Structure formats: structure tokens, C-alpha cells
Amino acid sequence: MHSIPQRCARRPLSGGLVVPWVSLVHGGHAAFGSLDADRARTAFLRRLCQICGQFLDERCYLIVRPADAARGHSPEPALHSECLPYAAAHCPLLNGTATLTPDQQRLMDLLRPLLGES
């Protein structure tokens, strides 16, 4: 696994993981996989990294899923070259260990009984 990037040294941790700057935090708890809409908007407008919250360099990186490419845009702000490998290694949606965000998973869990699934 990738170590915490130097740029993220001052970011809060949850469960040993960096809480991305754009993550929703509610009641002091990080909701990994959920975006804080105001912070995401600020990151887009001010060219801030979604992980560390610092100004992006001239060269930055986007995470683009096939569905994003089909729509012609990515719903998430860019990242620094140092922050991208950390995010890719630790984010379940990026490293392939999950296919749904926590919000999507909760919705599916609620719908399963209605759909006759167990």
C-alpha cells in the first residue's frame, strides 16, 4: 500500500486513512465515498486537489470511469500526482474491492426486500 503523501500530512485520519478534502464529514465522522457538495464545487472553481485540498499544479490528474467518459465529464475534482496513487490504492471504488458507494449500497440494501431479493 502507498504511504500517506507528504501533502496530506495535516489532513485528518479515519481508520488510519486520509480523509479526502472533499469527503462529507457529519458529526465528526468521515463519510468515505460521499462528496461534500460545497467543497467539491470549491475544489473545481479554485483548482484544489480533492484529496489534500491544496492548489493544483499546472499538471493534474482526473479519475474518469467509463460512465464519466460517456457523459463527457468527471463528477469529481482533480488530484496531484502524489495524491492519485494513494487514492487508487486505498479507495475501494478505485482499487476494485467495491462497485457501489456507501450511499448506493445503503439504497440497495433498502430496496432488496422490495425487489424480492434477500
Side-chain angles (χ1 to χ4, degrees):
M1 288 288 181
H2 288 270
S3 60
I4 294 174
Q6 187 61 38
R7 288 182 184 270
C8 297
R10 293 187 178 151
R11 295 285 320 135
L13 301 178
S14 179
L17 298 174
V18 171
V19 176
W21 191 77
V22 295
S23 284
L24 182 65
V25 176
H26 181 71
H29 300 283
F32 288 108
S34 296
L35 290 178
D36 178 312
D38 291 332
R39 283 194 168 208
R41 187 181 314 91
T42 298
F44 277 118
L45 295 174
R46 296 188 61 209
R47 291 188 41 92
L48 303 177
C49 175
Q50 68 164 292
I51 303 298
C52 69
Q54 297 176 20
F55 288 105
L56 290 165
D57 302 323
E58 185 173 315
R59 182 172 292 190
C60 56
Y61 298 85
L62 285 175
I63 297 169
V64 181
R65 300 167 298 176
D68 302 332
R71 275 187 245 125
H73 65 85
S74 173
E76 296 189 16
L79 302 92
H80 289 109
S81 61
E82 305 96 305
C83 297
L84 177 60
Y86 179 82
H90 295 283
C91 175
L93 292 171
L94 296 178
N95 66 27
T97 58
T99 56
L100 300 173
T101 67
D103 290 338
Q104 292 169 330
Q105 185 61 56
R106 281 189 289 279
L107 179 60
M108 287 304 297
D109 292 344
L110 290 171
L111 292 175
R112 271 197 186 88
L114 299 172
L115 298 172
E117 299 176 11
S118 48

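All heavy atoms count here, side chains included; hydrogens, waters and symmetry mates do not. As the structure is a prediction and not an experimental result, all values here were calculated from the model. For reference, positions follow the sequence shown, starting with 1.
- Residues V22 and F44 form no side-chain contact, since every pair of their non-hydrogen atoms from C-beta on lies 4.5 Å or further apart.
- Atom NE2 of H80 and atom CG of L48 lie 8.5 Å apart (nearest 0.5 Å).
- Counting heavy-atom neighbours within 6.0 Å of H73 NE2, excluding the residue itself, gives a total above 12.
- Taking 4.5 Å as the limit, some side-chain heavy atom of L84 sits within range of a side-chain heavy atom of I63.
- For the salt bridge (Lys or Arg N to Asp or Glu O under 4.0 Å) condition, the pairs that include at least one residue of residues 33-43, sequence neighbours left out, are D38-R41.
- Expressed to the nearest 0.5 Å, how far SG of C8 lies from CG of L17 amounts to 11.5 Å.
- Pairing each heavy atom of Y86 with each of V18, the nearest pair is OH-N, 3.1 Å.
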Kindly list each side-chain donor-acceptor pair under 3.5 angstrom involving residues 51-62, sequence neighbours excluded, with atom names and distances?
residue	atom	partner	partner atom	Å
Q54	OE1	R7	NH1	3.1
Q54	NE2	R7	O	2.9
D57	OD2	R7	NH2	3.3

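- The minimum heavy-atom distance linking P85 with S81 is given by the pair CD-O, 3.0 Å.
- Residue F32 holds its CZ atom at 11.0 Å from OG of S34, rounded to the nearest 0.5 Å.
- Within 6.0 Å of CZ on R46 lie no more than 12 heavy atoms contributed by other residues, nucleotides or ligands.
- Residue I4 is grouped with residue L79 when hydrophobic side chains (ILVMFWY) are merged at heavy-atom distances under 4.5 angstrom, including chains of intermediate members.
- Under a hydrophobic-cluster definition in which Ile, Leu, Val, Met, Phe, Trp and Tyr are linked whenever side-chain heavy atoms come within less than 4.5 Å, directly or via other members, V19 and L24 are assigned to different clusters.
- Between atom OG of residue S74 and atom CD of residue Q50 there is a gap of 7.5 Å, rounded to the nearest 0.5 Å.
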